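Read through the structure below, which is laid out as structure tokens, and then see the notes.
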Amino acid sequence: MYGVVNQAIQGLVEENFGTKKWLEIRERANVSYEYFLNNEAYDDDITYDLVGAAAEILGLPAEEVLIAFGKHWILKVGYARYGDLMKAGGSNLEDFFLNLPNFHGRIMLIYPNLSPPEFKVEKLGDGHIILHYYSSRDGLTHFVEGLCLGLAEMFNEEIKVELLSSTNDNIWHDQFELTIS
């Protein structure tokens with residue numbers, strides 16, 4: 001994953017728990033990097049190790065860390081770094097989700113070696129969506145849940161996120177039911 005992802009984990013921890021906790025997490029994860037470069041690609045294991053160490057040091061389930069990270073990614077990182085792209089996604093939460101399949105295509109212009117997830121969206125009715133998440137990376141289901149919650153907060157709307165299924169047949173596929181009110 002790109003360094004911006006690991007920077008975001010660091011930002012989440014430092015903002016909510018302080019620099020001392022971040023240093024403990026980095027040490028527990030056995031990560032020797034003192035800082036991460038935005039556009040530099042790092043081994044995915046570093047990110048997974050940081051999340052695991054954060055869960056352990058903070059005494060939280062990994063699922064909660066990933067949800068918090070997803071929300072943080074949208075509210076602090078995504079909007080700050082990619083605000084214009086995010087604004088182009090729609091003026092409300094439902095429109096943003098409907099336009100989500102195109103989002104990573106635009107991001108790949110910034111990060112050409114990105115191995116992004118794929119999203120497919122089924123609109124079932126007003127405020128009712130089935131979101132399909134496909135990725136070569138496993139274990140990010142709760143991160144995606146956090147992204148959805150962060151987007152709802154960004155648009156100042158309410159959302160219910162329910163995981164319908166999660167499978168891994170050579171590619172990870174999560175299916176979420178989203179109810180926007």
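From a predicted model like this one, the values you see are computed outputs, not experimental measurements. All values below were derived from every heavy atom in this structure, side-chain atoms included, with hydrogens, water molecules and symmetry-related copies excluded.
Side-chain contact check for Asn30 versus Asp49: every heavy-atom pair is 4.5 Å or farther apart. For the pair Val65 and Ile9, the minimum side-chain heavy-atom distance is 4.5 Å or more. A 4.5 Å side-chain heavy-atom check between Trp172 and Pro117 finds every atom pair outside the cut-off. Asn6 is not listed as a side-chain neighbour of Met1, based on a closest heavy-atom distance of 4.5 Å or more. Within the 4.5 Å cutoff, no side-chain heavy atoms of Phe97 are placed close to those of Asn99. Counting heavy atoms from C-beta outward, Ile74 and Met86 have side chains that approach closer than 4.5 Å.
Hydrophobic clustering of Ile, Leu, Val, Met, Phe, Trp and Tyr side chains at less than 4.5 Å, counting indirect connections, unites Leu37 with Trp22. Cluster annotation: Leu23 is connected to Ile25 through the hydrophobic network of ILVMFWY side chains, with a link wherever side-chain heavy atoms come within less than 4.5 Å. Placement of Ile159 and Leu124 in two distinct hydrophobic clusters is found when ILVMFWY residues are connected by side-chain heavy-atom separations under 4.5 Å, directly or transitively. Note on Ile67: it does not cluster hydrophobically with Leu164, by side-chain heavy-atom contacts below 4.5 Å among ILVMFWY residues. Residues Leu163 and Ile130 fall into different hydrophobic clusters, defined by Ile, Leu, Val, Met, Phe, Trp and Tyr side chains chained together at heavy-atom separations under 4.5 Å.
Atom NZ of Lys160 sits in a sparse spot, with 12 or fewer heavy atoms from other residues, nucleotides or ligands closer than 6.0 Å. Sparse packing is recorded around CG of Asn156, with 12 or fewer heavy atoms of other residues, nucleotides or ligands lying under 6.0 Å away. Other residues, nucleotides and ligands contribute only 12 or fewer heavy atoms inside 6.0 Å of the OH atom of Tyr33. Around CD of Glu34, the count of heavy atoms belonging to other residues, nucleotides or ligands within 6.0 Å does not exceed 12. For Glu27, the CD atom is loosely surrounded, since the number of other residues' heavy atoms within 6.0 Å does not exceed 12.
For the side-chain contact (heavy atoms from CB on, under 4.5 Å) with Val5, the qualifying choice from Leu50, Ile46, Thr47 is Thr47, the only one to do so. Just one residue in the list Tyr133, Phe69, Tyr48 forms a ring pair (Phe, Tyr, Trp, His ring centres under 6.0 Å) with Phe143, and that residue is Phe69.
Here the closest non-hydrogen pair linking Ile171 and Ser136 is CG1-N, 4.1 Å. Taking both residues in full, the closest heavy atoms of Phe176 and Thr141 are given as CZ-O, 3.6 Å, listed atom of the first, atom of the second, then distance. Heavy atoms only, all atoms of each residue included: Cys148 and Val161 are closest at CB-CG2, 3.8 Å. Closest approach of Arg137 and Asp44 over heavy atoms only: NE-OD2, 2.7 Å. The heavy-atom pair separating Tyr2 from Ala41 by the smallest distance is CD2-N, 4.1 Å. Nearest heavy atom pair, residue Leu98 against residue Pro101, reads O-CD, 3.5 Å.
At a cut-off of 3.5 Å, with distance as the only test, no side-chain donor of Asn92 or Glu157 sits close to an acceptor on the other residue. For the 3.5 Å distance criterion, the side chains of His128 and Glu177 qualify, holding a donor opposite an acceptor. A donor and an acceptor atom, one from each side chain of His132 and Glu122, are located under 3.5 Å apart.
With rounding to the nearest 0.5 Å, the separation of CG in Leu178 from CD in Glu94 is 10.0 Å. For the atom pair CG (Leu151) and OH (Tyr79), the distance works out to 11.5 Å, reported to the nearest 0.5 Å. With values rounded to the nearest 0.5 angstrom, Leu12 atom CG is found 11.0 Å from Leu75 atom CG. One finds the CZ atom of Arg28 at 3.5 Å from the CD1 atom of Ile57 (value rounded to the nearest 0.5 Å). Atom CG of Leu147 sits about 10.0 Å away from atom CG of Leu66, to the nearest 0.5 Å. Between atom NZ of residue Lys21 and atom CZ of residue Arg26 there is a gap of 15.5 Å, rounded to the nearest 0.5 Å.
Between Tyr42 and Phe36, the two ring planes are perpendicular [angle over 60°; tilted spans 30° to 60°].
Between the side chain of Asp174 and the backbone N or O of Ser166, no donor-acceptor pair lies under 3.5 Å.
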